[in-house]
Amino acid sequence: RSRRDSDDNIQKGCVVEWRPSSVDKPDSALEARQKQKRDEWIMRRVIDGRSAPKYTGSERQDTIGSSKQSLDEPSSVAAVVFGLQLLRHALRRDEVQQGDAPNLEPFMPLLTTCICTCRDSEAVLLALQCLVEIQRRCKETMPMDSSFHLLATKTLELLVGYGGNEDLLQASFKMMTFLIERGFETENTETERKVLDEEQLEVLMSFLQTSLSTTNQHNPAVGLIKALVGKRIVSAGMYDLMKVLLDQSVKSFKENLRHHAGGIYLRFLMNYPMTEDRLEREVKQLVANIQYEGVEGRQSAIAMVTSAIKKFPLQVVAKHSSLFFVGLTMQLGNEESDKGRKAVSESLDALLLKLPTGSVEPLFGYAMRWAEGNDVRLRRVSLSVIGLFVDSSDIVRRDDHYKRVLSVTKEALASLEHWELAYFSLRVIEKLLSRWPEKVMSDLELWPKVVQCLDGCHPWVTQVSLRIMSQHLESLNPDEFVENNQTTFLRQRGNLFELTKALCAMIDSALCPDDIEVTAKTFTWILKATSKNPQLCFAEDSDGSDSKNPVRWLVKRLSEIAKPKGTKRRENVFKCFAAFATYAADIALDYLELIIEPIYRVERESSHRNELASERNGASVDDVDEVTRLAMDLLHLLEQVCTPHEKFLDAYGAVKREAQDKKSQRQDQLVLEAARDPKAAAERKQKKQEREKARRKKRINERRQSRGRVAKRRHV
């Protein structure tokens, strides 16, 4: 009726009243209730965004429809990123169980579409990470389809177009690694081409060459190269890539990259087709790399050669054995670091263990020709290598080779001018004695040369010769080796005394080794053998009945060695005396006074030092050093083993009286000298005062330096 009234007013020319609130206004209460129910029903009927009512804006429905077809709109990108973050969070927290793998497969095409079409780097990164995780879980059930080629192409574009996003680069590497592993599992050529064609492979190889030397993401790149080598993908770029990988295995500053690069390169050499000439060139390059100037790179190269020797087939190693042997031997002579020399020795040891006897024979010939030459450096290296032959092969056991080796070692021991030759010769003898002791002990001409090395020109020579002699003496019974006719050079008269003199000279010198236990055991054996067979200490043209007692000579010589000041020398002698008292007390107690003399001297020196310190400090001082403590322990040991006890007291009293008598004689001699020649006495007294003054200055400087001061303070 209101509409009819309005129309009538318009026809009559009257002004029409219009208000916004009058639009769709119900004419009655019934119509108002019906309209309210209809609106409520419409609101309940809405189930998605498309059927929602259009409240404001023109063509709102068309705008919403167009946004569903593009992922580059800001609002769409934000929604996609949020959803991918939720998915990745669920995958990383293992909220998806192993049995839910089929439920993840529908995400694969969606994620692939996002990677291939979206231009937002964050969304692409999240999609790659989610897809890699899903593929890891569904690797066994995921089928190979045509989307792999699209995904590989897009991943290759992401790799080549790397713009500094390290996370995106790493995810792209992982995705490409997975695609290579899955795409080349089948033998169907058409399926292989769907992943990457030849041109794309060359682009990928070129990018990997650059990536190894320019980016920090080495681990993903190495994983991708490992997948390519594992699938034996043959292309020209692959061989160029291996050259770069070989350089990185030596020149890279990262140990992890050097290790993995070396392993991949060895797999390449073992699995890829190549001619004999090319294989020989590659092996030469491997051996040449051990001469690299950098220590760490050189050690990696040596480790690669060792792995190649162990992993290569026997035919390949035997064919190039001379190349390996000569290169490693020369590097053994040139290597400066101890760790590098040890690695080269292990590599040579692996080579000799793997080769058969027929292939070892010419290598042994090389080493012997070098050892028989005139070049000292080459002789030293060859003697070291001969020791490896003794450890790793039985070829030295043959009589002709054994005699040849002994001849070389004797010649090196004849002159101690070059201590390194003597040292490596003794190492060879030590190894021969460990493997074939009967053959070495039967060579009576060799052992006197070993005895001469006890008082050698270098501590290493002395230490090795002492170990050899101790090993030889352990196989002999000091009381029965003569009656049992055991093979030893000590049965020849005079050799036992020569050995005793050499050991005493060794312990009296600065070259005495630190292994005092071996020294004490050797002296104890000599003491027993000398007491049982004193005639062996004299030459054949001498009569031992009218000569001095060799046991007394040994004990007195050690006692005289311990009298002068010297910490190491006194410790060695006191430990030898302790071994005498423990294992040969019945022999040593007959010369108790000689043993107590150096002990009493050390005791008096310690007491005198404490008295001087007490005078300076004004208080009693009881400071005992290591040598004094060891001397007191030895004195208590002698007191315990000496029976009857009066024998020990008599010996100690005799030593004390003799020391006091010598002191009185020295004082009387000084008084007589002052009366006969006052000028000489005054000069001696002045020199004593100068020595005392120098001693005081030295002590003052030591105390000043201990307090942190350097120079004496000068007063202006």
Side-chain angles (χ1 to χ4, degrees), residues 371-372 376 379-380 383-384 386-387 402-434 437 439-476 478 481 487-516 518-523 525-527 529-530 536-542 550 553-554 557-558 561 569 572 576:
E372 293 169 352
V376 177
R379 289 174 62 191
R380 173 178 62 82
L383 286 171
S384 179
I386 289 173
Y402 178 77
K403 293 178 180 178
R404 197 175 175 186
V405 170
L406 278 186
S407 175
V408 170
T409 55
K410 290 177 184 177
E411 183 180 358
L413 294 177
S415 176
L416 298 180
E417 181 180 358
H418 303 285
W419 70 268
E420 293 180 342
L421 293 179
Y423 171 73
F424 286 106
S425 299
L426 291 171
R427 289 293 304 272
V428 172
I429 295 172
E430 185 180 15
K431 294 177 180 180
L432 289 172
L433 184 62
S434 300
K439 299 184 70 173
V440 180
M441 287 190 294
S442 62
D443 193 338
L444 302 181
E445 298 179 357
L446 174 66
W447 290 98
K449 299 182 182 299
V450 178
V451 173
Q452 293 177 0
C453 294
L454 287 172
D455 189 18
C457 54
H458 196 272
W460 291 4
V461 177
T462 303
Q463 187 175 9
V464 178
S465 57
L466 180 62
R467 286 203 309 262
I468 295 173
M469 195 57 60
S470 176
Q471 187 176 356
H472 174 55
L473 296 181
E474 285 179 357
S475 63
L476 303 174
F481 72 96
T487 304
T488 175
F489 77 105
L490 296 175
R491 292 181 58 192
Q492 296 180 353
R493 301 189 62 175
N495 286 342
L496 182 58
F497 186 68
E498 293 296 329
L499 175 60
T500 305
K501 288 197 303 182
L503 288 171
C504 291
M506 177 197 72
I507 205 173
D508 193 20
S509 66
L511 303 178
C512 183
D514 296 331
D515 193 0
I516 187 58
V518 178
T519 306
K521 289 172 61 177
T522 305
F523 270 109
W525 191 97
I526 290 176
L527 182 71
T530 304
L536 296 179
C537 296
F538 304 98
E540 295 180 357
D541 55 352
S542 300
W553 183 92
L554 172 60
R557 180 74 177 92
L558 292 176
I561 291 173
R569 184 173 59 253
N572 292 339
C576 289

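Counting from 1, the numbers follow the sequence of the chain as shown. Every heavy atom of this structure was used, including side-chain atoms; hydrogens, water molecules and symmetry mates were not. In this text the structure is predicted, and so the values were computed from the model without any measurement.
In terms of the side chain to side chain contact (heavy atoms under 4.5 Å, CB included) criterion, residue partners of Pro437 (sequence neighbours excluded) are, by chain and number, Leu433, Met441. Contacts of Glu445 classified as salt bridge (charged side-chain N to carboxylate O under 4.0 Å, His left out), with partners at least two apart in sequence or in another chain: Lys410. Checked against ring-ring contact (aromatic ring centres under 6.0 Å, His included), Tyr423 has the following partners two or more places apart in sequence or in another chain: Trp460. Not counting sequence neighbours, Arg379 has no partner by the side-chain hydrogen bond (donor to acceptor under 3.5 Å, both in side chains) test. The side chain to side chain contact (heavy atoms under 4.5 Å, CB included) test applied to Lys439 returns Asp399, Tyr402, Trp436, not counting sequence neighbours. Listed by chain and number, the residues in a side-chain hydrogen bond (donor to acceptor under 3.5 Å, both in side chains) with Arg380 are Glu420 (sequence neighbours excluded). Scanning for side-chain hydrogen bond (donor to acceptor under 3.5 Å, both in side chains) contacts around Glu411 gives an empty result, with sequence neighbours left out. Partners of Thr488 according to the side-chain hydrogen bond (donor to acceptor under 3.5 Å, both in side chains) rule, which considers only residues two or more places apart in sequence or in another chain, are His472. Residues satisfying the salt bridge (charged side-chain N to carboxylate O under 4.0 Å, His left out) test with Arg404, not counting sequence neighbours, are Glu372.
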Margin query: Between Ile429 and Val464, does the side chain to side chain contact (heavy atoms under 4.5 Å, CB included) criterion hold? Intermediate values first, please.
Written below: CA-CA 10 Å; Ile429 295 172; Val464 178; over 6 Å; no
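Formation of a donor-acceptor pair under 3.5 Å by the Ser407 side chain with backbone atoms of Lys403 is not found in this model. Judged by distance alone, with hydrogens and angles left aside, the side-chain atoms of Trp447 form no donor-acceptor pair with the main-chain N or O of Ser442 at under 3.5 Å.
A distance of 12.0 Å separates CZ in Phe481 from OG1 in Thr487, rounded to the nearest 0.5 Å. Residue Leu527 holds its CG atom at 6.0 Å from CG of Leu554, rounded to the nearest 0.5 Å. In this structure, CG in Leu466 is found 10.5 Å from NZ in Lys521, a value given to the nearest 0.5 Å. Atom OG in Ser465 sits 6.0 Å away from atom CG in Leu426 (nearest 0.5 Å). Atom NZ of Lys431 and atom CD1 of Ile468 lie 11.5 Å apart (nearest 0.5 Å).
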Donor-acceptor pairs are to be reported for all side-chain atoms of residues 495-508 against protein atoms at under 3.5 Å, with residues two or more places apart or in another chain.
residue: Asn495; atom: ND2; partner: Phe489; partner atom: O; Å: 2.7
residue: Asn495; atom: ND2; partner: Gln492; partner atom: OE1; Å: 3.3
residue: Thr500; atom: OG1; partner: Leu496; partner atom: O; Å: 2.9

Using atom types as modelled, flag every donor-acceptor pair under 3.5 Å from a side chain in residues 448-455 to any protein atom, sequence neighbours excluded.
none

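Closest heavy-atom contact between Leu383 and Val428: O-CG2, 3.4 Å. Minimum heavy-atom separation, Trp525 to Leu476: NE1-O, 3.2 Å. Taking all atoms of both residues into account, the shortest heavy-atom contact from Thr530 to Ile526 is OG1-O, 2.6 Å.
Proximity of Leu432 to Thr409: side-chain heavy atoms (C-beta onward) are nowhere separated by under 4.5 Å. Between Thr519 and Asn572 the shortest side-chain heavy-atom distance does not fall below 4.5 Å. With contacts defined as side-chain heavy-atom distances shorter than 4.5 Å, the pair Leu536/Leu490 does not qualify.
Pairs passing the salt bridge (Lys or Arg N to Asp or Glu O under 4.0 Å) check and including a residue from residues 456-470, sequence neighbours excluded, read Glu430-Arg467.
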